[in-house]
Trainee: 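Next up is a structure, given as structure tokens.
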Number of protein chains: 2
Amino acid sequence: MKKQGEEILKNSALSVTAGRKRILDIFLASGNALAHQDIEMQCAEQFDRVTIYRTLQTFLEKGIIHNIPSTDNMVRYALCNDNCITSGHHHDNHVHFKCDDCGKTVCLDDLVIPAIKLPQGYTMKEINMVVSGVCKTCK
Amino acid sequence: MKKQGEEILKNSALSVTAGRKRILDIFLASGNALAHQDIEMQCAEQFDRVTIYRTLQTFLEKGIIHNIPSTDNMVRYALCNDNCITSGHHHDNHVHFKCDDCGKTVCLDDLVIPAIKLPQGYTMKEINMVVSGVCKTCK
DNA sequence: ATAAAGAATGCAACTTTGTTGCAAAAGCAT
DNA sequence: ATGCTTTTGCAACAAAGTTGCATTCTTTAT
């Protein structure tokens, strides 16, 4: 239990540091997607702002987290679940939901993004779907 | 032709100013979605940065433009086409495409976002779909 | 056509967000 | 434990976004 963060780091061939463990813990403890700001609020006294930026960047590159687009200039990040990475290729094919009431963004892991057919000449690499509205807790 | 911008403003009950016309012209001339930065680059000598922020905000509120979420901290805006506003309610139900090559984001107006069924308890208000890959021009 | 009322703009100052280089510290493998 | 590599913190900076207020421009009613 206590080692979950460490395990994730080792699986990604990253060295285990206090900052990385802490940020992973914050993700593990929070059920929803977090913006840089959210993380900073929780550990600014322990770690430098720059470290948080760099850590998120590293996690992204390793596929530990994925980012969720937004229209409010607050890119949010969420832990990837295990099946996010298949044969070195990363793909989040689930829908994201942002609640207008509580502001939280969550992964709807069970909800697969439906396939679409792009016009002639376009090639798809990634696909992202974000739904906003009211979540089940706020309803 | 020359009046197109003015018409849009009048239809939205906005006063017609040089800045607003200019920004509309920039949108009308560009086939793709524009970030604040893109607009600023084209008219920074004429208009203050703050004016551009406020103008985009106003256009958004009036439903003249819509914003497209992104993971690169550059929210982009695109002109809404006429059927975007139905009975006071605004809805972009088309797919957006961002090209990894040229960086341009476009509206695929003909491509309607497929309906999805949210889990029990969730209410949908808006839905957004952004696909990235290579566009037909860069292919 | 003009004057008054209201709205938009520019400016200045400021806050927040993100980036970079470099020296110090911590982690890792032997 | 030691040396090598990676990560971190700091400082300085650049870019992005916000706010209040005085001035200027639009609109509307005469």
Side-chain angles (χ1 to χ4, degrees), chain A residues 2-3 5-27 33-62 64-65 67-77 103 105, chain B residues 2-3 5-27 33-62 64-65 67-77 103 105:
Chain A
K2 198 82 183 65
K3 305 205 97 184
E6 260 183 72
E7 245 179 82
I8 294 173
L9 292 170
K10 284 183 180 153
N11 288 343
S12 301
L14 288 176
S15 41
V16 177
T17 68
R20 287 174 177 171
K21 275 194 290 185
R22 185 72 224 287
I23 291 177
L24 275 179
D25 282 347
I26 292 173
F27 274 111
L34 300 171
H36 170 91
Q37 208 190 36
D38 301 321
I39 295 164
E40 197 176 322
M41 278 177 2
Q42 288 191 58
C43 63
E45 280 106 36
Q46 301 173 70
F47 304 105
D48 196 80
R49 224 156 46 84
V50 178
T51 301
I52 301 173
Y53 280 111
R54 291 196 269 225
T55 303
L56 289 173
Q57 192 53 43
T58 305
F59 286 1
L60 257 189
E61 281 158 12
K62 292 290 183 177
I64 296 173
I65 57 178
N67 52 12
I68 301 159
S70 79
T71 51
D72 61 358
N73 282 317
M74 284 189 59
V75 178
R76 290 173 183 79
Y77 304 88
T105 299
Chain B
K2 197 82 183 66
K3 307 206 96 184
E6 260 183 73
E7 244 178 82
I8 295 173
L9 291 170
K10 285 183 179 154
N11 288 343
S12 299
L14 288 175
S15 40
V16 177
T17 67
R20 287 175 178 170
K21 276 195 289 186
R22 185 72 225 289
I23 291 177
L24 274 179
D25 282 347
I26 293 173
F27 274 112
L34 300 170
H36 170 92
Q37 206 189 39
D38 300 321
I39 294 164
E40 197 176 324
M41 279 178 2
Q42 289 191 57
C43 63
E45 281 105 37
Q46 300 172 70
F47 304 105
D48 196 81
R49 223 158 46 86
V50 177
T51 301
I52 301 172
Y53 280 112
R54 291 196 268 225
T55 302
L56 289 173
Q57 192 54 42
T58 304
F59 285 0
L60 256 188
E61 281 159 12
K62 293 289 183 178
I64 296 174
I65 56 177
N67 52 13
I68 301 160
S70 80
T71 51
D72 61 359
N73 283 315
M74 284 187 62
V75 178
R76 289 172 182 80
Y77 305 88
T105 299

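The figures that follow rest on heavy atoms only: side chains count, while hydrogens, waters and symmetry mates do not. Every chain is numbered from 1 and lettered A, B, ... according to where its sequence line falls, protein lines coming before strand lines. Just so you know, these numbers come straight off a predicted model, no measurement behind them.
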Trainee: Can you list everything that forms a side-chain hydrogen bond (donor to acceptor under 3.5 Å, both in side chains) with A:Gln37? Sequence neighbours excluded, please.
Mentor: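 Here no residue qualifies.
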
Trainee: If you look at every strand shown and take non-hydrogen atoms under 4.0 Å, does B:Gln46 touch a base, only sugar-phosphate, or nothing?
Mentor: sugar-phosphate

Trainee: Partners of B:Phe27 by side chain to side chain contact (heavy atoms under 4.5 Å, CB included), sequence neighbours excluded?
Mentor: B:Ile23, B:Leu34, B:Ile39, B:Leu56, B:Ile65, B:Tyr77, B:Leu79

Trainee: Using the side-chain hydrogen bond (donor to acceptor under 3.5 Å, both in side chains) criterion, which residues pair with B:Gln57? Sequence neighbours excluded.
Mentor: B:Glu61

Trainee: What distance separates B:Leu9 CG from B:Ile64 CD1, expressed to the nearest 0.5 Å?
Mentor: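 Here the rounded value is 5.5 Å.
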
Trainee: What is the distance, rounded to the nearest whole Å, between atom CG of B:Leu9 and atom P of C:dA7?
Mentor: 16 Å

Trainee: With B:Asn11, which residues qualify under side-chain hydrogen bond (donor to acceptor under 3.5 Å, both in side chains), at least two apart?
Mentor: none

Trainee: Whole-Å distance between C:dT16 C1' and A:Asp72 CG?
Mentor: 14 Å

Trainee: Out of curiosity, B:Asp72 CG to B:Thr105 OG1, how far, rounded to the nearest 0.5 Å?
Mentor: 7.5 Å

Trainee: What range of DNA chain D does chain B touch, first nucleotide to last, counting atoms under 4.0 Å from its heavy atoms?
Mentor: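 Extent of the interface on DNA chain D: D:dA16 to D:dT27.
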
Trainee: Report, as a single string ordered 5' to 3', how protein heavy atoms within less than 4.0 Å touch nucleotides 18-30 of chain C: B base, S sugar-phosphate only, - not at all.
Mentor: BBBB-----SS--

Trainee: In whole angstrom, give the distance that lies between atom CD of B:Glu40 and atom P of C:dT9.
Mentor: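 Atom CD in B:Glu40 sits about 15 Å away from atom P in C:dT9.
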
Trainee: Do you know the tightest heavy-atom contact between B:Ser70 and A:Val75?
Mentor: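 Result for this residue pair: O-CG2, 4.0 Å.
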
Trainee: Angle, rounded to 10°, between the helical axes spanning five pairs at each terminus of the helix from C:dA1-D:dT30 to C:dT30-D:dA1?
Mentor: 40°

Trainee: Could you pull out all donor-acceptor pairs under 3.5 Å where a side-chain atom in residues 12-22 of chain A meets a protein atom, sequence neighbours excluded?
Mentor:
| unit_1 | atom_1 | unit_2 | atom_2 | d |
| --- | --- | --- | --- | --- |
| A:Ser12 | OG | A:Ile8 | O | 3.3 |
| A:Ser15 | OG | A:Arg20 | NH1 | 3.4 |
| A:Thr17 | OG1 | A:Arg20 | N | 3.3 |
| A:Arg20 | NH1 | A:Ser15 | O | 3.0 |
| A:Arg22 | NH1 | A:Gln42 | O | 3.3 |

Trainee: Could you name each residue pair satisfying side-chain hydrogen bond (donor to acceptor under 3.5 Å, both in side chains) that touches residues 46-55 of chain B, not counting sequence neighbours?
Mentor: none

Trainee: Looking at B:Ala33 and B:Ile68, what are the two nearest heavy atoms and their distance?
Mentor: CB-CD1, 3.5 Å

